[in-house]
Structure formats: structure tokens, C-alpha cells
Amino acid sequence: VTIPASVTSIGLYAFAAGSLTAMTVDPRNPVYSSLDGVLFNKNRTTLIQYPEGLTGSYAVPNGVTVIADDAFLYNGLTGITFPNSLTRIGGYNFWTAGSMTSITLPASLASLGDRALASSSFTSIYFKGNPPALETPYVFWSQHTATAYYLPWTTGWGATYGGLTTALWTQQLQSGGAKMQTNQFGFMFTSPSNQVIVEACSNINNPVWIPIQTNTVSGGVSQLSDPRWTNYSSRYYRLRAP
């Protein structure tokens, strides 16, 4: 569908339950814009409509602060990534969540709209920050088995959240691509925290952990390079939040 410059208002459900795979907007339109077939407001701070015929994974662009009501209502996504700029997910966005069983929400998220995460397909909902405000008691309305996971350095969590059972989301080190290079050893790792301190020790039975690097995690991924590894017969690493 192509939206001309003359259209300055689009109502709820205008494109609901359709098979659209792309939405384009005339660049002269004063209210709307599009990027990669997705509909936004003019300055792309609000995501208004994700075409329901699109499948696969989607990364919401940096700078988006609001997901409008119903933007992902009948989505067929298998995964979604939110930017750290996001502050609100509007109502009925993941009433049906395609084949997604989990979703990770950024620390910047401040509020969740009515039935925003109501899909019964979710089994795990991960929160990187403190609990967002629930605009109604029905944000997780149809959820029965999902668990809300929170990080150990966040605050405001109780035994339940919006009717969901909560659990500690322990920071997990997932490494890959370990390799030896000239005068250094390194590996990639992922982390839910935006910043991670890497510590090392040489005796795992009686460890003295020494900070060797503070990493800023970009897109959930970072890399360790340790040029001092050859000074030890063995070397162990761990991650912790600052």
C-alpha cells in the first residue's frame, strides 16, 4: 500500500488482519513516513503499523520511543528486538505473537498498555530494567504460564508482576569464537547488561578474581581480548555487572 501526501489521519484497525508486506509513504506527507516497509510518524519516534504479512525477525530502529496501539496486533514475527530509546509499548500489540515464546524488553521501557503482552504463546518475558508501569490490570491478560524475569541489580520487583510469577534473571555468559592470536587470547560473549566487568583468576579452587577489562555491550554482544594469558599456566574468566 502507498500512502499519499494528502493522508493525514489513519484510524485504528485500518490495515488489521491483512496480508500487507510493505507500506510506503509519499515523502511529502507531513504526518507519516516509512522505513523498510514499516509505517512511522514523520520523525520516526513512533512505530504505527508493522505489515502483518511480514514474517521473521524485526529490529525496531533506534530513536523509536513509542510502539503505537495495535502496531503489532496480528504479527507473524518469530523474534523482535527493541532499542534502548523505547519508553512505551501501546495496547494490544502482542495479543497474538506469532510463534514467539519469549520477548526481551529494554531498561528504558516505562509503561505497558492494555493487553500489550497478552499472547498466551509467551513462556518467558525478560526485563532489563525496573518494572514498567502497567496502564491496566490486563497487560498480560491471557497469560497463564509465562514467567517475568528481572536482573539482580534492578529494583521494585515482587513475587508477582501483573499476575505473572517473577524470577531472577541471572546474567549468563554465552561465549563463542574463542581463539588464540599473536600474544593474546579472546572470545565473544553476550550479556543482558549494557556494561560488563570481566574478571580473571589463575586458580579456580582458591580464586582471587582480578578485574581485567570493562566492556560496553553493543547489541547484546561484546568481546574479550586478554594479552596477558601467556603469563599463566591456566586462566579463568567471569562476568559481573558494575
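As the structure is a computational prediction, the values presented were derived from the model and not from experiment. Starting from 1, each residue takes its place in the sequence as its number.
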For Thr81, check side-chain contact (heavy atoms from CB on, under 4.5 Å) against everything at least two apart and list the hits. Ala59
Taking the six-membered ring for Trp, are Phe127 and Tyr161 closer than 6.0 Å centroid to centroid? yes
Residue pairs passing the ring pair (Phe, Tyr, Trp, His ring centres under 6.0 Å) test where at least one lies in residues 41-62, sequence neighbours excluded: Tyr50-Tyr58, Tyr50-Phe72
With a 4.5 Å heavy-atom cut-off, do Val208 and Asn203 have their side chains touching? no
Apart from Tyr236 itself, residues in the same hydrophobic cluster as defined by side-chain heavy atoms under 4.5 Å: Ile204, Trp209
Test of understanding: with side chain to side chain donor-acceptor pair (under 3.5 Å), list the residues that count as partners of Asp70, not counting sequence neighbours. none
Mind checking what makes salt bridge (Lys or Arg N to Asp or Glu O under 4.0 Å) contact with Asp36, not counting sequence neighbours? none
For Ser202, what residues pass the side-chain contact (heavy atoms from CB on, under 4.5 Å) criterion, not counting sequence neighbours? Tyr232
Return each pair, listed once, that meets salt bridge (Lys or Arg N to Asp or Glu O under 4.0 Å) where at least one residue sits in residues 151-166; pairs must be two or more places apart or across chains. none
Holding to side-chain contact (heavy atoms from CB on, under 4.5 Å), I want the full list of residues that pass it with Ala68, two or more places apart in sequence or in another chain. Thr46
Would you please name every residue forming a side chain to side chain donor-acceptor pair (under 3.5 Å) with Ser85, sequence neighbours left out? none
With Glu135, which residues qualify under salt bridge (Lys or Arg N to Asp or Glu O under 4.0 Å), at least two apart? Arg88
Run the side chain to side chain donor-acceptor pair (under 3.5 Å) test against Trp141 and tell me which residues pass, sequence neighbours left out. none
For Pro51, all residues meeting side-chain contact (heavy atoms from CB on, under 4.5 Å), sequence neighbours excluded: Leu20, Met23, Val38, Leu54
Between the side chain of Thr78 and the main-chain N/O of Gly56, is any donor-acceptor distance below 3.5 Å? yes
OH of Tyr126: more than 12 outside heavy atoms within 6.0 angstrom? yes
